[in-house]
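Here is how names work: the chains are called A, B, and so on, in the same order as the sequence lines, proteins then strands, and each is numbered from 1.
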2 protein chains.
Amino acid sequence: MKRRTAARRQRYAGPRKPRRPERDVLHAIARGHREAPEAIFRRSLELRGLKYTAERREILRTIMSAHAHFDADWLFLAMRKAGAKTSKATIYRSLALLCQVGILREAFHGLHGSTYEHVYGHEHHEHMICLKCGKVIEFMSRKLEKLQEDACRAMKFQPVQHHLQVFGYCRACE
Amino acid sequence: MKRRTAARRQRYAGPRKPRRPERDVLHAIARGHREAPEAIFRRSLELRGLKYTAERREILRTIMSAHAHFDADWLFLAMRKAGAKTSKATIYRSLALLCQVGILREAFHGLHGSTYEHVYGHEHHEHMICLKCGKVIEFMSRKLEKLQEDACRAMKFQPVQHHLQVFGYCRACE
DNA sequence: CTTTCTGCAAATCATTTGCACCCCC
DNA sequence: GGGGGTGCAAATGATTTGCAGAAAG
């Protein structure tokens, strides 16, 4: 059921990465807000000698149309409905790719597998997850971010990404 | 996915501890004057009409001896070494039970499966996880906790439990 | 052309479950 | 004594991977 986190697949090790890989990517994306995600993806692939295939294009389009959080299965079905009969294998391979590129991130582990969300066009945020209805509330706080950075500095830890999940009951379910 | 051994076996964070180690230790000891975990477990089981079996007793003893974070597999092997040949099935069933009872909690998802830690006798804390060596650093901040509470209040969300995981590179791996 | 992709099916792997005895309360 | 408990092995289910033909550059 539960699964592992990112950072493992990939046969191609890639060139030596700079100190803060994801960080840099995120910054790049933030700066390029006017650039379409499609262009970002394509460029990222090129830089790594990978190909911009029809399947990847279609997957990107589908996830950009996702309202909030989704999982591999949702993507699989959504693409079916849209007429693109991509295989699960490709779905998974692409999700990993999109995370590496910084367009997606793994939001958290639901009871069944990973849940993803876009990074592109969405400010970083944390999650509150209702234990009863499963509703996900997003929130964020500058101060919270800053405290985390301070903590990392104090521990000489180079942060790449973080996740804060608060489990509890939403207003309706309490 | 074939190297599920050495890489993440770094469960013990090592001597380099958070800022106020003494303070934390004192707290733990002070709290330890309360009811022993065995008694808590036993009573919880009774209340639910469940039985305090030899296997459960042994599992509890083993996890209480775990220094920090561990996973199902570690527990399985640790018990073998100790001479108790409990099955994986029972390990998993007991871990779930101990979480429900509040003696354990799922700390986070490592690259391979869930990682657990005691709740009993340990002050709440967050985690920094090294993406390279798997080392886990614990830290905590009153301010951070408070900000989270504030956020929940603002969203009318009733928090039950939370997890903050910062992924990145530890001092040695950077 | 050369190299990366994709679909498919088989393989993994952590975790769960069905069953037939076992053993606390 | 009986209902929960345990081990074992088979079942799950999300995700991965080997392969051979397909496509991108």
T90(A) side chain near dC5(C) phosphate (N/O to OP1/OP2, under 4.0 Å): no
Sugar-phosphate only, base, or nothing, as touched by K88(B) at under 4.0 Å among non-hydrogen atoms: nothing
Length of the line joining M79(B):CE and dT6(D):P, which is rounded to integer Å: 10 Å
Pairing of R61(B) and E58(B) as salt bridge, 4.0 angstrom limit: yes
Minimum heavy-atom distance V160(A)-Y169(B), with the two atoms named: CG2-CE1, 3.7 Å
Between H162(A) and E126(B), a side-chain donor and acceptor under 3.5 Å: no
Atom-pair distance (NE2 on H112(B); P on dG13(D)), nearest Å: 22 Å
Interatomic distance where CG belongs to L45(A) and P belongs to dG25(D) [whole Å]: 9 Å
Separation of atom CG in L97(B) from atom P in dT15(C), rounded to whole Å: 17 Å
Contacts of type side-chain hydrogen bond (donor to acceptor under 3.5 Å, both in side chains), residue K88(B), not counting sequence neighbours: D73(B)
H109(A) NE2 - dG13(D) P separation (whole Å): 17 Å
Phosphate OP1/OP2 of dT6(C) contacted by R56(A) side-chain N/O (<4.0 Å): yes
Below 4.0 Å: OP1/OP2 of dT6(C) and any side-chain N or O of T86(A): no
Summary of protein contacts for nucleotides 18-25 of chain C, nucleotide by nucleotide, where a base hit scores B, a sugar-phosphate-only hit scores S (4.0 Å, heavy atoms): B-----BS
Atom-to-atom span, CG of L75(A) to C1' of dA14(D) - whole angstrom: 15 Å
For atom CD1 of I91(A) and atom P of dT17(D), their distance in whole Å: 17 Å
Nucleotide dT4(C), atom C1' - distance to CD of E55(A) in whole Å: 12 Å
Between E106(B) and H109(A), a side-chain donor and acceptor under 3.5 Å: no
Contact under 4.0 Å: Y92(A) side-chain N or O vs dT15(D) OP1/OP2: yes
Heavy atoms of other groups near R80(B) CZ, more than 12 under 6.0 Å: no
Under 3.5 Å side-chain donor-acceptor pair for Q165(A) and H127(A): no
